[in-house]
Amino acid sequence: MTNDPFSAAASLDELLSRTQQALAAMRSRAGVHPDGEPGELLRAEGATADGRVRAVAVQGGRLDSVTVDPELAGQPLEVLCGHVVAAVNAALTELDARVSDSARADADALAARLGGLPDQAELFSRAMHEVAARIPRGRGAASRAAGPA
């Protein structure tokens, strides 16, 4: 690292800029509308009744689809509804885990970017103290710095 105050300021500014970009990317991913493109959203599937009832949930807590094997049509309605509820809950549980993993990965990436911030801030602070120490002090110094009138 350099002791040049302008380099320190530029490095700090660059780090802050990259951090803002990372935060903006995290916000935009989290704010994707549930009706967005399927590739943009996290998806999870839950299944019950040996896979004969399936539910797919997408990021935002929305249900994308439910499929029921026609062979289950002879089941009592309460049993069939129970299978649907279980499949949906399994899909939502899996989706919650995936969203948490994604958020954790985003937070880890942001923490890694922010890791250098204390060093940059310390360098910037030292550089600014050096600059301040070079500024002439006192009444006579101010008039000499201004030059002849």
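Just so it is clear, the values below take in all heavy atoms, side chains as well, and ignore hydrogens, waters and symmetry mates.
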Those residues at least two apart in sequence (or on a different chain) that pass side chain to side chain contact (heavy atoms under 4.5 Å, CB included) with D96 are none
In short, salt bridge (Lys or Arg N to Asp or Glu O under 4.0 Å) pairs touching residues 71-89 with sequence neighbours left out are none
Throw together a table of side-chain donor-acceptor distances under 3.5 angstrom for residues 80-94, partners on residues two or more places apart or in other chains.
| unit_1 | atom_1 | unit_2 | atom_2 | d |
| --- | --- | --- | --- | --- |
| N89 | ND2 | V85 | O | 3.4 |
| T93 | OG1 | N89 | O | 2.9 |
| E94 | OE2 | R98 | NE | 2.9 |

Hits for salt bridge (charged side-chain N to carboxylate O under 4.0 Å, His left out) against D69, two or more places apart or cross-chain, chain-then-number order -> none
Quick note, side-chain hydrogen bond (donor to acceptor under 3.5 Å, both in side chains) partners involving residues 47-56, not counting sequence neighbours, are E45-R54
What one should report as the nearest heavy-atom pair of D64 and R43 is OD2-NH2, 2.9 Å
